[in-house]
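Working notes, structure below.
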Amino acid sequence: MSLHFREAGTSRVRTDKVEIENASSPDSAGSGLSWSLSHFRSRGPDMVEVQSTRPADYVYTQVPLSGGFEAKLNCGTTYSSGATGLIRPQKSGALFRFARRENSLFGVMASLQTVEGWFAGKVPPAVRALLDGAGTGTFHQPHPLPEYLRQILAGALRNALPIRRQLIETAALQVLCFQLDRLAPGAVPGPASHDLRAAREAHSLMQANPMAPPGARDLAGILGVPVNRLAMAYREVFGCTLVQGAEQIRLQAACDALLNGAPIKLVASRLGYASVSGFTYAFRKRMGLPPREWLNAQSGRTAKPAAKPPRPRRH
């Protein structure tokens with residue numbers, strides 16, 4: 001079947017063979033970065049043609065979240081979910097062949113002008129070849145994505161807080177910058193640095209134990225990085241301190257537990273609070289409402305929204 005994705009918002013296509021849901025976020029803040037999340041469900045292996053009329057003036061990469069695929073671009077270049085890498089297409093659109101009944105795919109793209117601007121006038125030759133299409137019209141360098149970046153992206157997509165969009169954009173930027181760094185090692189600040197990679201790994205370790213995330217000293221010992229360097233790198237990547245990051249993760253875990261029906265007293269105990277009142281005070285300070293009222297707001301029984309927690313800066 002053939003599908004034309006919308007440039008922004010959400011869309012759903014359903015036939016007797018396949019159901020496709022797509023959510024797209026345009027460049028809403030002038031960053032030059034946009035992303036999409038697509039779910040494909042079918043009765044078995046299937047092919048889907050994704051059509052697009054947009055000019056091929058961008059670079060992109062894709063992250064398979066579940067399932068697997070092989071894709072053939074309209075220009076003839078082929079790639080697979082095992083190592084999507086960086087792509088600068090000659091023409092938009094592709095034919096996807098999915099191997100499983102359910103497949104999820106996250107894509108992130110940036111305009112050529114945006115990528116060039118990231119290098120402040122000092123574009124490495126390898127990146128210049130990407131921007132120019134390598135002289136053949138289509139550029140493709142396959143490279144697998146490390147697991148810690150997949151975890152950061154998956155955590156951002158699961159997030160239900162008001163800052164979810166910012167978290168996804170941050171994760172999308174990290175994914176794209178990682179692929180740029182594979183193309184020109186050391187040219188892109190962030191993923192090539194041992195300390196910044198350690199900061200992302202520290203975040204993944206905290207997400208793995210959200211109710212009681214390890215402290216800074218424990219993380220530094222596990223990752224083999226001095227505490228002060230890990231703390232500085234974490235602030236650089238996530239725009240907050242390790243303590244603040246751990247609190248955000250704990251709060252997200254609390255929200256998820258409450259939404260799943262866990263009693264407030266049990267959630268407070270799991271988070272290490274000596275009393276429900278202490279948990280209620282901390283929860284209200286961050287969310288703007290006590291837990292019970294926040295739950296009512298989520299279920300639509302009250303019109304009062306939850307307050308937005310501090311917004312992390314982009315990196």
Side-chain angles (χ1 to χ4, degrees), residues 5 27 31-38 50 52 54-65 67-99 103-154 169-194 196-197 200 237 315:
F5 281 160
D27 172 21
S31 66
L33 196 75
S34 59
W35 58 267
S36 65
L37 177 62
S38 305
V50 177
S52 175
R54 65 175 298 152
D57 58 351
Y58 59 91
V59 298
Y60 74 95
T61 186
Q62 293 171 322
V63 183
L65 300 174
F69 67 85
E70 292 182 351
K72 183 177 182 179
L73 298 175
N74 288 346
C75 61
T77 300
T78 60
Y79 63 95
S80 69
S81 55
T84 299
L86 268 178
I87 300 174
R88 192 273 203 205
Q90 180 186 25
K91 299 177 181 179
S92 296
L95 178 66
F96 288 85
R97 184 188 299 273
F98 294 102
N103 302 270
S104 297
L105 181 64
F106 181 87
V108 53
M109 67 174 61
S111 67
L112 302 182
Q113 183 178 7
T114 295
V115 174
E116 185 168 6
W118 288 342
F119 292 91
K122 299 180 180 179
V123 182
V127 177
R128 175 55 63 191
L130 166 72
L131 301 179
D132 293 342
T136 64
T138 292
F139 180 97
H140 176 225
Q141 185 187 63
H143 197 283
L145 193 71
E147 185 59 29
Y148 77 87
L149 283 179
R150 291 179 185 275
Q151 292 180 12
I152 291 175
L153 175 60
E169 289 177 356
T170 299
L173 180 60
Q174 291 178 43
V175 167
L176 189 56
C177 282
F178 172 85
Q179 295 293 357
L180 282 169
D181 185 66
R182 297 306 91 191
L183 182 64
V188 182
S193 164
H194 173 74
L196 296 186
R197 281 200 301 271
R200 297 184 179 97
V237 174
H315 177 74

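Residues take their numbers from the sequence shown, with the count starting at 1. Given the structure is predicted, the values throughout are model-derived calculations rather than measurements.
Side-chain atoms of Pro89 and Tyr60, non-hydrogen and from C-beta on, do get closer than 4.5 Å to each other.
Trp118 and Ala110 make their closest contact through CH2-CB, 4.2 Å (heavy atoms, listed as atom of the first residue, atom of the second, distance). Nearest heavy atom pair, residue Ala171 against residue Ile152, reads CB-CG2, 4.0 Å. The two residues Gly82 and Pro144 come nearest to each other via the heavy atoms O-CB, 3.7 Å. Listed here is the closest heavy atom pair of Leu183 and Leu86: CD2-CD1, 4.1 Å. Here the shortest heavy-atom pairing between Ser81 and Pro64 reads O-CG, 3.3 Å.
Partners of Pro146 by side-chain contact (heavy atoms from CB on, under 4.5 Å), not counting sequence neighbours, listed by chain and number: Tyr148, Leu149, Phe178. Residues that satisfy the ring-ring contact (aromatic ring centres under 6.0 Å, His included) test with Phe96, not counting sequence neighbours, are Phe69, Phe98. In this structure Thr61 satisfies the side-chain contact (heavy atoms from CB on, under 4.5 Å) test together with Thr84, Val108, Val175, Leu176, Gln179, sequence neighbours excluded. The side-chain hydrogen bond (donor to acceptor under 3.5 Å, both in side chains) test applied to Gln62 returns Tyr79, not counting sequence neighbours. Thr77 meets the side-chain hydrogen bond (donor to acceptor under 3.5 Å, both in side chains) test with no other residue; sequence neighbours excluded.
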Query raised in the report: Stepwise, does the side chain to side chain contact (heavy atoms under 4.5 Å, CB included) test hold for Thr78 with Glu70?
Result: CA-CA 7 Å; Thr78 60; Glu70 292 182 351; over 6 Å; no

- Task: Apply the test side chain to side chain donor-acceptor pair (under 3.5 Å) to residues Gln174 and Arg200: give CA-CA distance (whole Å), side-chain angles for both, the deciding distance (0.1 Å), then the verdict.
- Result: CA-CA 10 Å; Gln174 291 178 43; Arg200 297 184 179 97; 2.8 Å; yes

Would Trp35 and Met109 count as a side chain to side chain contact (heavy atoms under 4.5 Å, CB included) here? Give the steps. CA-CA 6 Å; Trp35 58 267; Met109 67 174 61; over 6 Å; no

Margin query: As a quick check of understanding, evaluate side chain to side chain contact (heavy atoms under 4.5 Å, CB included) for Leu180 and Val59, giving each step before the final call.
Written below: CA-CA 10 Å; Leu180 282 169; Val59 298; 5.6 Å; no

Inset, instruction - Would you sort out whether Arg88 and Leu112 count as a side chain to side chain contact (heavy atoms under 4.5 Å, CB included), showing the intermediate values? - result: CA-CA 9 Å; Arg88 192 273 203 205; Leu112 302 182; 3.4 Å; yes

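Note that CG of Leu145 and CG of Leu153 are 8.0 Å apart. Values are rounded to the nearest 0.5 Å. With values rounded to the nearest 0.5 angstrom, Cys177 atom SG is found 11.0 Å from Leu196 atom CG. Distance CG/Leu105 to OG/Ser36: 7.0 Å, rounded to 0.5 Å. Here the CG atom belonging to Asp57 is positioned 11.5 Å from the CG atom belonging to Leu131, to the nearest 0.5 angstrom. Here the straight-line distance linking atom CZ of Arg97 with atom OG of Ser80 works out to 13.0 Å at 0.5 Å rounding. Annotation: the span from Arg150 atom CZ to Phe106 atom CZ amounts to 12.5 Å, rounded to 0.5 Å.
Legend: salt bridge (charged side-chain N to carboxylate O under 4.0 Å, His left out) pairs involving residues 104-114, not counting sequence neighbours: none detected.
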